[in-house]
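Contents: one structure, followed by commentary.
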Amino acid sequence: MTSFKSDFLQVMQSRGFIHQCSDLETLDAKLSSGPQSAYIGFDATAKSFHVGNLVQIMMLYWFQQTGNKPYTLMGGGTTKVGDPSGKDEMRKMLTDEAIDDNITALQNVFAQFLTYGSGETDAVMVNNDEWLKDIQYIPFLRDFGKHFSINRMLTFESVKQRLDREQSLSFLEFNYMILQGYDFVELNKRHDVILQMGGSDQWGNILNGVELGRKSAQAELFALTTPLITTSSGAKMGKTADGAVWLSKDMLPAYDYYQFWRNCDDADVGRFLKIFTTLPISEIDRLEKLEGQEINEAKKILAFEATKLCHDEQSATDAAKTALEVFEKGGTGDELPSIAYDKSTLEQGVAFIDITCDLGLTKSKGEARRIIQQGGAKVNDNPIADPAHTISTADFSDDGQVKISTSKKKHALVLVKSA
RNA sequence: GGAGGGAUGGUCGAGUGGUUAAUGGCACCGGAUUGUAAAUCCGGCUCCUUCGGGAUACGCAGGUUCAAAUCCUGCUCCCUCCA
C-alpha cells in the first residue's frame, strides 16, 4: 500500500488522514476514473464546529481540491435521536428550532473551507431531516430493518460500552446507527454518493451504511475513516482552558485560535501541519526537522496557516503580529481582548477583579483574588499584590490604554470609552 | 407488577449523626523552571466579603435531632434479577 493512482487518496495517505478503509484498491480505481461524490455527516448539536471536527472538514476540503464533489450532511433528523458513540449519557433533546438555528450557523463555518454552488465540484449541503422526517415506520422496518442483525449491533463498541457500564441505552439511541446507515443509502440513491468518511469512532456506523447499501440496493459503497486526533499527551483535541476551540469567529476570536495552535506540543507539530494546514509536504518535512528552540518557528507557521484557513489571511496576520508584540516584545497588540469604560467611571477607579470578570478572564471575583495573591496579576506588566487594586486614569499610557494580565499568557486591554 | 442496588463538587470516587466546604485521583487555574513546548516542583480549585465573616451545597420535597451528605417518610431518575 504505497502509492495510489487517485490524487485524493494520495493526499490523504501522505498527510496521515487514513485510518481505515473498507476497500482501498477499488476506491482508488473509482476515484481515478473521474469525479466522485463523498459525504461526511455532522451533528447539529452546537452552533459552531470545534477543532475536533476539523480533521473531517479538511478531508472534505482535499476531496474538493482534488476534483471531487463533497456533500456535507447535516444531521437535522439524526440529531433528534442522538449518537450513542462516545457518550456516557443520553443526549439532551434539542428542539427543532434550535437544530435549525445550529445548522444555519454551521453552514457559515463550512463556507470557510469549501466552495458551495452548483458546479461540478461544488459542495452541496444536505439535511437528513428531508428524508427522515417522513419515514413510515412499518415500511421502513420491512425494507431496511430486516437487514440489521441485533446480534451484530450488540457487538458494536458504542453499544457494548454502554451496556458494560450499566448505563441506559434507549431504543431511540439504538436506532441511530440504523438511521445513519440509511442516510448513506439515501444519498447514494439521490446524489450518487459512493463514499462516506468520518472519524474512526464512526467506523461501525459507516460500515452499516456500506452493508445496507449492498443488501438493499446492490450499491457498492465505501468507508474511509481518519485516526482519532489526540494531542501527544493523549487528550482529545479541542479543549482548552476556557472550553472548546471553536472554528467560528463569533465563538472564538482569531487571536485565541492562533494561540491555540501556537501553544501545541512539540511532538504534535508535524502531524498537525499535515492535517490542519495546506502547506506542501516538502515544506512540512523541513519544518518537522526543527528541534529545540527552533521548533517555535514551525509552531508559528502552523498557527498562521491554520488561522488563515479557518478565518482569513488578514486575521492570521493580525493575530501573529499581536502575538509577536505581546510575547516577544512584551508590549501590546490590537488583537488582544479589550474592554472600554466611561471616562467618569475610570476617574473613580475600577477594581481589577471586576475588570477581569467583565472580560471573562476570570469566572468569579474570588478567582481573580486568588490570581492576585498568587502573583499572576499584572497591570502594565507590573505585578500587583493587593486584591483590592483598582485601575484608574493614572494607569493609562499616552495612547490611552492599560494592559492587564492574569497570567503570563492571558492579556487584555482596558480602554476609555469614546463618546 | 415484584425483589434488590444506586444517585456526592468539572469528572471519577471516599465518607454512613458533630473537629466535613466534604479524603484522594484526574481535569483545570496561578507561580517557579523553560522555548508562549514537555517533564518536574510549589500553591490553588463553591459564591460574596468592608477579610471579621456571611450565604449556599452531597438527586427532589418534607421530617427526627442541640446537630444530618450521613437516620426516617414520600417523590424522581438509573441499574440488576424475576414476571
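By convention in this document, chain letters (A, B, ...) are assigned in the order of the sequence lines, proteins followed by strands, and residues within each chain are numbered from 1.
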Using the [atom1] atoms only, state how far [M] lies from [N], rounded to an integer number of Å.
N	M	atom1	value
B:G31	B:A69	P	37 Å
B:G9	B:G62	C1'	24 Å
B:G17	B:U70	C1'	6 Å
B:C41	B:U34	C1'	13 Å
B:U56	B:U49	C1'	14 Å
B:U65	B:C72	P	15 Å
B:A37	B:U19	P	43 Å
B:C47	B:U11	P	15 Å

Check: [X]/[Y] side-chain N/O donor and acceptor closer than 3.5 Å:
X	Y	answer
A:Tyr116	A:Thr72	yes
A:Asp342	A:Ser344	no
A:Asp28	A:Ser6	yes
A:Gln56	A:Asn53	no
A:Trp62	A:Asp7	no

Between [N] ([atom2]) and [X] ([atom1]): distance, integer Å:
X	N	atom1	atom2	value
A:Lys408	B:U33	NZ	C1'	8 Å
A:Lys409	B:C28	NZ	P	12 Å
A:Gln259	B:A37	CD	P	10 Å
A:Leu302	B:U36	CG	C1'	13 Å
A:Gln373	B:G30	CD	P	15 Å

Could you run through RNA chain B and flag its stems, i.e. three or more consecutive Watson-Crick or G-U pairs with both distances under 3.5 Å?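 Runs of three or more consecutive pairs: B:1-7 with B:76-82, B:10-12 with B:24-26, B:28-32 with B:40-44, B:46-48 with B:53-55, B:59-63 with B:71-75.
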
Within the structure shown, what part of the strands sits under 4.0 Å from [X] by heavy-atom distance: base, sugar-phosphate, or nothing?
X	result
A:Glu294	nothing
A:Ile372	nothing
A:Thr406	sugar-phosphate

According to salt bridge (charged side-chain N to carboxylate O under 4.0 Å, His left out), does anything in residues 348-360 of chain A pair up with another residue at least two apart or in another chain? List the pairs.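 Passing the test, one end in residues 348-360 of chain A: A:Asp354-A:Lys365.
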
Residues of residues 305-335 of chain A with a heavy atom under 4.0 Å from any atom of RNA chain B, listed by number, are A:Ala323, A:Phe327

Listed partners of A:His411 passing side chain to side chain donor-acceptor pair (under 3.5 Å), at least two apart: A:Ser405

Which nucleotide in B:U36, B:G35, B:G30 has an atom nearest any side-chain atom of A:Asn263: B:U36

Per atom distances to the A:Lys410 side chain, the nearest of B:G30, B:U36, B:G31 is B:G30

Mind listing the N/O atom pairs, protein and nucleotides 50-52 of chain B, below 3.5 Å?
unit_1 : atom_1 : unit_2   : atom_2 : d
B:C51  : N4     : A:Arg369 : NE     : 3.1

Using only modelled atom types and a 3.5 angstrom limit, is any donor from either the side chain of A:Lys300 or the base of B:U36 paired with an acceptor on the other?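 It does not, because no donor-acceptor pair links the side chain of A:Lys300 to the base of B:U36 below 3.5 Å.
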
Taking it one step at a time, do A:Phe304 and A:Thr317 satisfy side-chain contact (heavy atoms from CB on, under 4.5 Å)? CA-CA 7 Å; A:Phe304 177 80; A:Thr317 311; 3.8 Å; yes

Assign the ring pair A:Tyr182 / A:Phe140 to parallel, tilted or perpendicular, where the plane angle (0 to 90°) is split at 30° and 60°.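 The arrangement is perpendicular - the two ring planes meet at more than 60°.
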
Write out a two-atom table: protein N or O, nucleotide N or O from nucleotides 43-47 of chain B, distance below 3.5 Å.
unit_1 : atom_1 : unit_2   : atom_2 : d
B:G43  : O2'    : A:Gln374 : OE1    : 3.2
B:G43  : N2     : A:Gln374 : OE1    : 3.4
B:G43  : N2     : A:Gln374 : NE2    : 3.1
B:G43  : N3     : A:Gln374 : OE1    : 3.1
B:G44  : O4'    : A:Gln374 : OE1    : 3.3
B:C47  : OP1    : A:Ser364 : OG     : 3.0
B:C47  : OP2    : A:Arg370 : NH2    : 3.1

Should A:Arg271 and A:Asp268 count as an ion pair when the cut-off is N to O under 4.0 Å? yes

So, are A:Arg152 and A:Glu211 salt-bridged, with charged N and O less than 4.0 Å apart? yes

Under the rule syn = chi within 90° of 0, otherwise anti, which is B:G54? anti

Under the side-chain contact (heavy atoms from CB on, under 4.5 Å) rule, what do A:Gln196 and A:Gln180 come out as? Steps first, then yes or no, please. CA-CA 11 Å; A:Gln196 181 181 178; A:Gln180 189 172 334; 3.3 Å; yes

